[in-house]
2 protein chains.
Amino acid sequence: MDHHEHSRHDGADTDGAPLDEAFTPRQEEVLEAALGLLVEGGERAITTAGLARAANCSKESLYKWFGDRDGVLAAMIAYQASKVRVAVGGPAAQRPADTYRADLEGFGVDLLTVLSGPASLALNRLAIGQASREGSRLGDLLVARGRRAVSTRAKALLEAGKRAGHLRFEDTQDAFETLYGLIVRDMHVRLMLGEHVPATHSDQAMANHVAGAVDQFFRLYGADAKP
Amino acid sequence: MDHHEHSRHDGADTDGAPLDEAFTPRQEEVLEAALGLLVEGGERAITTAGLARAANCSKESLYKWFGDRDGVLAAMIAYQASKVRVAVGGPAAQRPADTYRADLEGFGVDLLTVLSGPASLALNRLAIGQASREGSRLGDLLVARGRRAVSTRAKALLEAGKRAGHLRFEDTQDAFETLYGLIVRDMHVRLMLGEHVPATHSDQAMANHVAGAVDQFFRLYGADAKP
DNA sequence: TGCGTACCGTACCGTTCGGTACGGTGTCAA
DNA sequence: TTGACACCGTACCGAACGGTACGGTACGCA
C-alpha cells in the first residue's frame with residue numbers, strides 16, 4: 001500500500017513516531033492545497049470535488065491515497081504536524097540569567113506566533129469541530145502531534161533553567177502549564193472564535209506581552225521566590 | 001424533557017442588551033431540544049428535519065420562528081446565554097482576607113465548572129467551527145453573551161478586593177486575564193478537543209487546582225507583593 | 001356556528017456532496 | 001510495439017439536507 005521508498009526523511013527522527021506514514025511529493029502537494037482551502041473557507045470548503053479541482057488531481061486518486069474524506073482530514077493534520085518538526089531545544093548549556101530569560105521569552109513569542117498562525121487556527125478549528133463526532137480521533141492526533149512538540153521543548157527549557165539555578169520547582173509539567181497560562185491566557189480560544197487579539201498582531205505587542213508574562217513566571221518560579 | 005417554567009425576563013437586565021429577543025415557552029422547548037442534539041452529536045446533528053422530529057414541531061414553525069438554520073444556531077447561543085445569567089457578584093462588602101480568598105476560589109470553581117460543562121463545550125465547539133465562515137457572527141455572539149458575564153463578575157470581585165486592601169494592581173482587565181490564565185491554563189482548548197482533563201472531573205480535584213491558582217495569583221497581585 | 005390563527009405532520013423539490021466507474025494520457029520497461 | 005502502471009478529467013449515482021407547500025387539527029373569539 002504505502003511504499004515510502006523515496007521519502008527523504010528530513011531531520012533526525014529518532015524518537016520512534018507512532019504512525020509515520022510518509023507522503024509522496026504529489027500527496028504533499030494535494031495536502032498543501034487542502035490546507036489552503038481549509039484556511040480560506042473552513043471545513044465545509046474541503047469537498048472531494050473541490051479539493052480535486054484545486055489540486056489538479058482526480059477524486060479517484062484522493063480515495064486511493066487517503067481512503068475517504070476523513071482520511072484526508074487526518075492526513076492534513078499529520079502533514080502539518082510533520083512540517084512543524086521544530087528543533088527540540090538547544091544543547092541546554094549553562095547560560096547566564098539574562099540570556100536564559102531571553103530564551104524563555106523567545107519560546108513564548110514562538111508559541112504565540114504558532115498559535116495565532118492561520119494554519120494552526122484552521123487545523124484547531126477543524127479538530128474541535130470534529131471532536132463531537134464519536135470515533136473521531138482528530139483531536140487526539142492534533143494534541144499528540146502538535147502539543148507534544150511544544151511541550152517537550154518547553155519542559156526541556158524549564159529543566160535546564162532549574163539545573164542552572166535560575167528556576168525552582170518540583171513538578172515540571174505544572175510549571176510548564178503555568179507558564180502556558182500566563183502567556184496564552186484565553187487568547188487561543190478568542191482567536192479561534194474569530195476575535196481580534198491585539199497582543200498577537202504586531203511583533204512589538206507580542207514581545208511586550210510575553211515579557212510581562214515571563215516576568216510573572218519568574219516571580220512565581222524564580223530561584224529567589226518564596227516557597 | 002424538562003420544561004423549566006417560562007421565566008420571561010428574569011433578572012434585572014439594565015445594561016442595554018443589544019438584541020434581546022425573548023423566546024416563547026414553546027420556542028424555548030425547541031431550543032432545549034436543539035441543545036440536546038448539539039451536545040450529543042455536534043453541529044451536524046442539528047438538521048431541520050431532525051430538530052423538528054426531536055422537538056415535535058414542524059419545519060415550517062422552525063423557519064417561521066428562527067428564519068433559517070443559522071437563525072436556529074444563533075438562537076441557541078442567545079438562549080443558553082440567557083440561562084447562565086448568573087448573579088453578577090455580591091454587594092462587594094468589605095470582607096476579611098480569608099473569606100475574600102474563598103470568594104476568589106469560588107469564582108474559579110464556578111468558572112471551571114461552566115467551561116467544562118457539556119452545553120458550554122458544545123456551544124463553543126459550534127461557534128468555533130462556524131468562525132471560519134465569513135459573515136458568521138456566532139463567535140461574537142458567544143463572546144458577547146457568555147464571556148462578558150464572567151468578565152464583569154470577576155472584575156467587580158477584583159476591584160472589591162483592591163478597595164478592601166487585599167489586592168494591588170493597576171489594570172483590572174490585565175489582572176483578570178492573568179487570573180483566568182492561571183486557573184484555566186489550556187484546559188478549555190483541551191476539553192474542546194475531546195481530551196480528558198483530570199482537574200475538571202471531581203470537585204475535589206477542581207478545588208485543589210483552583211486553590212493553587214489563587215495562591216499564585218495572590219503572590220502576583222497580593223497587597224504584600226513586590227512591585 | 002363560523003372564522004382566523006397557530007401549529008403539526010408529511011410530502012415534495014432542487015442542490016450538494018461522498019463515493020464509484022469509465023475512458024483517455026503519459027511513462028517506463030521488456 | 002506491447003503491456004502494465006499511475007494518474008487525470010468527467011460523468012454518474014444514491015443519500016442527505018435546506019427550504020417550501022399543503023392538508024389537517026386544536027383553540028380562541030365574535
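Given the structure is predicted, the values throughout are model-derived calculations rather than measurements.
- Judged as a side-chain contact (heavy atoms from CB on, under 4.5 Å), and not counting sequence neighbours, the contacts of A:Asp174 are A:Asp171, A:Thr178, A:Tyr221, B:Arg185.
- A donor-acceptor pair is defined here as one N or O able to donate and one able to accept, closer than 3.5 Å; no such pair exists between the side chain of B:Arg125 and the backbone of B:Gly42.
- Judged by distance alone, with hydrogens and angles left aside, the side-chain atoms of A:Ser151 form no donor-acceptor pair with the main-chain N or O of A:Arg147 at under 3.5 Å.
- Atom CZ in B:Arg133 sits about 13 Å away from atom C1' in D:dG18, given to the nearest Å.
- A:Gln27 places its CD atom 12 Å from the C1' atom of D:dC7, with the value rounded to the nearest Å.
- For DNA chain C, the outermost nucleotides in 5' to 3' order that have an atom under 4.0 Å from a heavy atom of chain B are C:dC7 to C:dG9.
- Rounding to whole angstrom units, CZ of residue B:Arg44 and C1' of D:dA16 are separated by 10 Å.
- Side-chain atoms of B:Leu111 and B:Tyr180, non-hydrogen and from C-beta on, do get closer than 4.5 Å to each other.
- Not one N or O on the side chain of B:Arg69 forms a donor-acceptor pair closer than 3.5 Å with the backbone of B:Thr47.
- Side-chain polar atoms of A:Tyr79 and A:Gln27 form no donor-acceptor pair below 3.5 angstrom.
- Residue pairs meeting the salt bridge (Lys or Arg N to Asp or Glu O under 4.0 Å) criterion with at least one member in residues 47-60 of chain B: none, sequence neighbours excluded.
- Residues satisfying the ring-ring contact (aromatic ring centres under 6.0 Å, His included) criterion with B:Phe66, sequence neighbours excluded, are absent altogether.
- Of the residues in residues 68-75 of chain A, none lies under 4.0 Å from DNA chain D by heavy-atom distance.
- In this structure a side-chain-to-backbone donor-acceptor pair under 3.5 Å is missing from A:Gln130 to A:Ala127.
- If you check residues 45-61 of chain A against DNA chain D, the residues with a heavy atom closer than 4.0 Å are A:Asn56, A:Cys57, A:Ser58, A:Glu60, A:Ser61, listed by number.
- Side chains of A:His188 and B:Asp186 form no contact here, defined as non-hydrogen atoms less than 4.5 Å apart.
- Phosphate proximity of D:dC7 to A:Trp65: present, with a side-chain N or O under 4.0 Å from OP1 or OP2.
- For the pair A:Phe107 and A:Val210, the minimum side-chain heavy-atom distance is 4.5 Å or more.
- Rounded to whole Å, atom P of D:dC12 lies 18 Å from atom OH of A:Tyr63.
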